[in-house]
Amino acid sequence: MTSLTQRLHLGRALYWGYYVPKGLLRKYIQRDPVRRAIDEQARIQMEQAAYQLPPITLDPGDRPFEIYFLSGARFWYQTCFCAYSMIQQAQVYLRPVIYDDGTLEAIHRNAISRIFPDVRIVSYDTINQQLDQHLPSTRFPWLRSRRLNYPNLRKLTDIHINSSGWKLVLDSDMVFFRKPTFLLEWLRSPQSPCHMVDIDNAYGYSAALMRELAGTPIPNQINVGICGLQSDSLDWDELEYWCKTLIERECTNYYQEQAMIAMLMARAPRAIASASDYIVLPTRQEAQQPKAVLHHYVADSKPWYFRYGWQHVMHLE
């Protein structure tokens, strides 16, 4: 296992932050320090505001739809705003199911449970027990090692292992502003994987290698900030082979999880969220006066997320 871990680190030994690729962090560091200070203050205000979100009071009914998140101490408040704004706009109870990345503390769990009384938080110990039983390191060494160094992969391994049925997994750095009709219809009757549209291809691997592994051409611009997959359709032996081959032939990459999901989605019909309604990388103007259903605040749109995006949720209270 030691040699495998060393190989996984080859060329990418240091991850510049928990979910942040090296290039984006370098760009952030080079940003005007005054603006960085403003952004950080806005981020702190967002986290503090999460503690003030009123509890959800909608009736969950007998079988509420569930929405899934991977979260932790650095992202819990973003998860809350994403789930809260979706429920707020849907006016339908949606039960958040939150998979702990190993960093959630009691203060975070208590805050989440106050806002979402019916929330299900899957502990890190429970996740590891599931992985040891159903995705053992002896049989799946690449997936198990990779998820330790690359938390994005846990949106596949941790959430879908030993499970069945369709799951809608959402990134935390998103805010809803209007009724998410597309997602509600998908939740009511999922028939195929769903995703949103990226601003460009962000897979990190060559189209030739991805096509070779998937056995079919890879669609352009799949973004998995919204990701609907059927858990029991996943072939873990194949995913282990993909993980191993991608790394051995083209090294590790920050976008590996998105590449692997794009390869899965290439094989079947897909439900695609409208790019004009579900926006990746919103502009400052759009963040200030949202016209879309949802914003996914990636890369250069992070400042607008912290300065403007979440505040629309508070203003509707």
Side-chain angles (χ1 to χ4, degrees), residues 43-101 103-123 126 155 158-159 163 165-190 194 196 225-228 273 277-278 287 290 292-297 305-306 308-317:
R43 188 205 64 77
I44 292 170
Q45 290 175 350
M46 180 182 180
E47 184 168 9
Q48 293 172 340
Y51 287 106
Q52 308 304 318
L53 284 171
I56 293 294
T57 57
L58 289 171
D59 182 359
D62 295 331
R63 296 182 62 187
F65 297 129
E66 293 184 328
I67 50 178
Y68 292 79
F69 297 89
L70 174 71
S71 195
R74 291 188 60 192
F75 307 104
W76 74 271
Y77 62 99
Q78 299 181 27
T79 303
C80 288
F81 269 97
C82 181
Y84 195 92
S85 63
M86 185 176 183
I87 297 169
Q88 185 183 53
Q89 295 299 333
Q91 282 302 295
V92 173
Y93 186 83
L94 303 165
R95 175 190 289 147
V97 181
I98 298 174
Y99 282 70
D100 184 0
D101 69 4
T103 64
L104 282 177
E105 299 180 4
I107 188 173
H108 310 128
R109 293 191 293 270
N110 291 339
I112 293 168
S113 296
R114 182 193 63 79
I115 300 167
F116 309 101
D118 200 33
V119 70
R120 182 159 63 93
I121 300 176
V122 184
S123 72
T126 297
K155 289 186 284 181
D158 297 19
I159 293 177
S163 189
W166 292 92
K167 291 181 176 61
L168 182 65
V169 181
L170 302 175
D171 280 0
S172 293
D173 56 351
M174 305 195 300
V175 180
F176 290 81
F177 305 100
R178 285 170 176 71
K179 186 173 182 176
T181 303
F182 167 81
L183 292 180
L184 292 174
E185 290 177 350
W186 188 92
L187 285 166
R188 290 189 185 102
S189 182
C194 72
M196 57 196 307
I226 291 170
C227 182
D277 285 336
Y278 295 78
V293 171
L294 169 141
H295 293 168
H296 188 191
Y297 291 98
Y305 177 42
F306 294 129
Y308 314 118
W310 65 271
Q311 296 195 31
H312 295 287
V313 181
M314 302 299 292
H315 292 162
L316 290 175
E317 292 301 330

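No hydrogens, no waters, no symmetry mates; every other heavy atom, side chains included, goes into these values.
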Would you name the heavy atoms of [X] and [Y] that are closest together and state the gap between them?
| X | Y | result |
| --- | --- | --- |
| I115 | A50 | CD1-O, 3.3 Å |
| V175 | G309 | CG1-O, 3.9 Å |
| D118 | P64 | OD2-CG, 4.4 Å |
| F177 | A292 | CB-O, 3.6 Å |
| Y93 | D59 | CB-O, 3.5 Å |

Does some side-chain heavy atom of [Y] sit less than 4.5 Å from a side-chain heavy atom of [X]?
| X | Y | value |
| --- | --- | --- |
| P54 | Y84 | yes |
| M86 | L94 | yes |
| F176 | C82 | yes |
| W166 | W186 | yes |
| K179 | V293 | no |
| K155 | C227 | no |
| L294 | D277 | no |
| Y278 | L183 | yes |

Next item on the list: Determine, stepwise, if the pair Q45 / M314 fulfils side-chain contact (heavy atoms from CB on, under 4.5 Å).
Entry: CA-CA 12 Å; Q45 290 175 350; M314 302 299 292; over 6 Å; no

[atom1] of [X] to [atom2] of [Y]: how many Å apart, nearest 0.5 Å?
| X | Y | atom1 | atom2 | result |
| --- | --- | --- | --- | --- |
| C80 | I112 | SG | CD1 | 4.5 Å |
| I159 | L168 | CD1 | CG | 10.0 Å |
| I98 | T79 | CD1 | OG1 | 5.5 Å |
| I67 | I87 | CD1 | CD1 | 5.5 Å |
| M46 | Q311 | CE | CD | 10.0 Å |
| R114 | Q52 | CZ | CD | 7.0 Å |

Say whether, by atom type as modelled, one donor and one acceptor occur between the side chain of [X] and the main chain of [Y] under 3.5 angstrom.
| X | Y | result |
| --- | --- | --- |
| R120 | R95 | no |
| S172 | Q78 | no |
| H108 | E105 | yes |

Notebook entry, point to check: Hey, mind stepping through L58 and V92 against side-chain contact (heavy atoms from CB on, under 4.5 Å) and telling me if it holds?
Noted result: CA-CA 7 Å; L58 289 171; V92 173; 5.8 Å; no

Next item on the list: Could you walk me through whether D171 and H296 pass the side-chain contact (heavy atoms from CB on, under 4.5 Å) test, one step at a time?
Entry: CA-CA 8 Å; D171 280 0; H296 188 191; 3.4 Å; yes

Check: Hey, would you say the W76 and Y51 ring centroids sit under 6.0 Å apart?
Finding: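 Between Y51 and W76, which both carry aromatic rings, the centre distance is below 6.0 Å.
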
Notebook entry, point to check: When the aromatic ring centroids of H295 and Y305 are compared, is their separation below 6.0 Å?
Noted result: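 Ring-ring flag for H295/Y305: false, centres at least 6.0 Å apart.
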
Next item on the list: Apply side-chain contact (heavy atoms from CB on, under 4.5 Å) to the pair L170 and I226, showing each step before the final yes or no.
Entry: CA-CA 5 Å; L170 302 175; I226 291 170; 3.9 Å; yes

Notebook entry, point to check: Should the pair R74-D101 be classified as a salt bridge under the 4.0 Å nitrogen-to-oxygen rule?
Noted result: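 So R74 does not pair with D101 through a salt bridge.
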
Check: Does atom CD1 of I107 have more than 12 heavy-atom neighbours, drawn from other residues, nucleotides or ligands, at distances under 6.0 Å?
Finding: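 No, not enclosed.
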
